[in-house]
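Please read the structure below before turning to the comments.
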Amino acid sequence: MLAASLMATAQDATIKLNTATPGAKINKEVYGQFAEHLGSCIYGGLWVGKDSPIPNIDGYRKDVFEALKELQIPVLRWPGGCFADDYHWRDGIGPQEQRPSMRNNNWGGTMEDNSFGTHEFLNLCEMLGCEPYISGNVGSGTVEEMAKWIEYMNSESDTPMANLRKKNGREHAWNVKYFGVGNEAWGCGGSMRPEYYTDLFRQYSTYLRNYNPEKPLFLIAAGANADNTRWTDVFMKNSNKAAKGLSFHFYTVKDWNNHGSATNFDANSYYSTIKLCRKIDTIIKAHCNVMDKYDPECKVALMADEWGTWWDEEPGTIKGHLYQQNTMRDAMVAAISLDIFHQHTQRLKMANIAQVVNVLQSMILTDQKGTGHMVLTPTYYVFKMYKPFQEAQNIPVSITCEKRDSVPTISCSAAKTQKGTYAIALSNTLLDKKQEVSIDLSGAKATGVTATVLTAKNVADYNDFEHPDVIKTAEFKGAKIKRGILTATLPPMSIVVMEVK
C-alpha cells in the first residue's frame with residue numbers, strides 16, 4: 001500500500017492550447033463500453049431477470065441501469081469478445097423459458113440460459129439512448145447465419161426474419177448501425193492468418209445487406225492484436241473496401257503469465273503501468289501510418305474496441321470470470337488513455353473499454369453474494385468527468401513538464417465543447433508531489449472556471465461494498481484565471497477536469 005505526501009514541493013509545468021489550429025471532432029463513441037457474456041457482466045450485472053428480488057426494470061438491474069444512464073454511454077458492444085464467435089443468435093430469441101442453455105467455453109465453462117439475447121440487448125440500448133455495436137460470429141458461424149441476424153434486426157419488409165422478429169414481439173426494426181464481422185480472428189475468433197480473414201471479410205460483406213438507406217451498416221473488420229501492423233497492412237491492401245472500420249485491441253498488461261494484483265502493488269509497479277498504458281499512443285500512430293498508405297482520406301475508421309487494464313482475478317472469485325478491483329491507478333490509466341484518444345480522432349472514431357460491469361476495468365461492481373449491493377469504481381468517475389469532451393472539437397496542446405523514466409508526469413487534453421466553453425483535463429501522475437500547472441489559453445477570452453477533481457489518499461485505494469465512497473469526485477478550487485493564463489495546483493495522483501467559460 002502506498003502513502004502520498006501532500007506536503008511535497010510543487011513542480012512547474014506549462015501548457016499551451018493551440019486554439020488557432022483546432023483538431024478533429026472527438027466522436028462520442030470514443031467513450032464506448034463493452035459488455036461480454038463473461039463472468040457476471042451480463043447475468044448479475046446488467047441483467048437479473050424480472051423475478052429477481054433485486055430491484056429491476058423489466059429484468060435490467062435498476063441501480064446499474066441508472067448509473068449507466070447518468071454516464072450517458074454512447075455505444076455498447078455485445079456479445080463479445082471471444083464469446084461472440086461461439087454465439088448463435090437464434091438460441092437467444094423467442095420465449096425465454098424455451099431457449100436452450102449453453103456452456104460458455106471461453107470463460108470458466110459457466111452454463112447460461114440465454115435469457116439475455118438480441119431483444120434484451122437492443123431494448124437495453126434503446127432505454128439507455130446508446131448505439132448498439134453487435135459482434136457477429138465468424139469463427140464458428142456461417143455467412144447465412146450472420147446475414148439473417150442482420151435481416152432480423154434491421155428489415156422492415158415482409159421478409160422471413162422480419163416476420164420472425166414481429167412474432168417474437170418486436171414490430172419495428174432496431175436499425176443496428178455498428179456491426180463487427182468477427183472478433184480477434186487472429187486468436188479466439190478462429191486462429192486465422194490476415195490473408196484468410198481478409199478473404200472471409202470480402203465474402204461476408206457481400207451478403208451483409210443494408211435495409212435502411214438512411215442508416216446504412218457500418219461494418220467493422222476484426223483487426224490487429226496490439227501492434228501487429230502486418231495484419232492492418234494485409235487487410236487494407238486486399239479488402240473490398242466494404243469495411244468502414246478496422247479494430248485493434250490493446251490491454252495494459254506487462255506479463256500475460258503474471259498480470260499482478262489489482263490492489264497490492266508498489267510504486268515501481270504503478271509507474272511501470274503508467275508508462276505501459278502510454279504505449280497505446282505509439283500503437284495508434286503505427287496503425288494510422290499503415291492505413292494512410294491505402295486510405296489517405298480517412299474513410300476507414302480505426303476502432304480501439306477493447307482496451308484497459310487486466311489484473312489477476314480477485315481472490316475467492318470464480319476462475320475465468322475476470323472479476324477485479326479498480327483503484328486510483330486504474331483511474332489514471334483511463335484518463336491518460338482518453339487524453340491520447342483525443343489526439344487521434346482524425347482516424348480513431350470509437351473505443352470500448354473492457355468491460356462495463358464486473359469484468360476487468362469496469363465502471364460498476366455488483367456484489368456476487370446476492371446482497372444487491374453496487375459500487376461505482378474510480379474509472380466510472382473518470383468517464384463521468386470527461387463527458388464534456390463527447391462531440392467536442394479537440395484542441396491540440398503543447399506540454400512542458402517534468403519526466404520520470406522518460407515519461408511525462410502531466411497528461412492533458414483540451415477541447416471546445418458544443419456549448420462554446422473549453423474543457424481541459426489534467427492528470428498529475430506523481431505519487432508524492434503536487435504540481436503547479438500554468439496554461440496559456442492562447443487569447444481565448446475566459447471569464448471563469450469550474451472544476452472537478454478525483455484523487456485518493458493512497459494510489460491503491462478502491463471502493464468496495466462496505467466503503468463505497470473512498471474515491472469519488474469533489475469540487476476543485478485550485479484553479480484561477482488571470483490575464484489569459486489559467487493556473488492550477490494539482491494534488492499528487494490526481495485527475496482534474498475544468499470547464500472554462
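- Using a 4.5 Å heavy-atom threshold, the side chains of Lys148 and Glu145 count as separate.
- At a threshold of 4.5 Å between non-hydrogen side-chain atoms, the residues Leu376 and Tyr381 count as touching.
- Partner of Tyr294 under the side-chain contact (heavy atoms from CB on, under 4.5 Å) criterion, chosen from Thr232, Val300, Asp233, Asn238: Asp233.
- For the pair Asn352/Trp307, no side-chain contact is recorded, criterion being any heavy-atom separation below 4.5 Å from C-beta on.
- Ring centroid separation for the pair Phe248 and Trp231 does not come in under the 6.0 Å cut-off.
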Considering only distance and modelled atom types, tabulate donor-acceptor pairs under 3.5 Å from the side chains of residues 173-180, sequence neighbours left out.
residue	atom	partner	partner atom	Å
Trp174	NE1	Asn123	OD1	3.2
Asn175	OD1	Asn212	ND2	3.3
Tyr178	OH	Glu29	OE2	3.4

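- What you find for Arg165 and His119 is that their closest heavy atoms are O-CE1, 4.1 Å.
- Using a 30° and 60° split on the angle between ring planes, His259 and Trp256 fall in the perpendicular class, above 60°.
- Electrostatic pairing of Asp281 and Lys279 does not count as a salt bridge here, judged by no charged N lying under 4.0 Å from a carboxylate O.
- Side-chain atoms of Leu208 and Met146, non-hydrogen and from C-beta on, do get closer than 4.5 Å to each other.
- The pair Asp295-Lys241 fails the salt-bridge criterion, with no side-chain N (NZ, NE, NH1 or NH2) lying under 4.0 Å from an Asp/Glu carboxylate O.
- Geometric assessment of Arg77 against the ring of Phe34 yields a positive cation-pi assignment under the 6.0 Å and 45° thresholds.
- The closest side-chain heavy-atom distance from Ile284 to Phe341 is below 4.5 Å.
- Comment: Arg230 engages Glu195 in a salt bridge, judged by a side-chain N to carboxylate O separation of less than 4.0 angstrom.
- For Tyr60 and Trp47, the distance between ring centers is under 6.0 angstrom.
- The aromatic rings of Tyr31 and His342 lie tilted to each other, with the angle between the two planes from 30° to 60°.
- Leu365 places a side-chain heavy atom less than 4.5 Å from the side chain of Phe465.
- Every residue was checked against the side-chain hydrogen bond (donor to acceptor under 3.5 Å, both in side chains) condition with Asn228, not counting sequence neighbours, and none meets it.
- Residue pairs meeting the salt bridge (charged side-chain N to carboxylate O under 4.0 Å, His left out) criterion with at least one member in residues 109-138, sequence neighbours excluded, are Arg99-Glu120, Glu126-Arg170, Glu131-Lys215.
- Ring-plane geometry between Trp78 and Phe116 is classed as perpendicular, the angle between the planes exceeding 60 degrees on a 0 to 90 degree scale with a lower cut at 30.
- Side-chain contact check for Met236 versus Leu246: some heavy-atom pair is nearer than 4.5 Å.
- You'll find the ring centres of Phe201 and Tyr204 outside the 6.0 Å limit.
- Closest approach of Asp305 to Ser247, counting heavy atoms only: OD2-CB, 3.3 Å.
- The pair Glu313-Lys319 does not count as a salt bridge, with every side-chain nitrogen at least 4.0 angstrom from each carboxylate oxygen.
- Below 30°, between 30° and 60°, or above 60°: for Tyr87 and Trp149 the angle between ring planes is between 30° and 60°, a tilted geometry.
- Between Arg103 and Asp86 there is no salt bridge, since no side-chain N of the basic residue sits under 4.0 Å from a carboxylate O of the acidic one.
- Looking only at side-chain heavy atoms (C-beta outward), Leu338 and Val382 come within less than 4.5 Å of each other.
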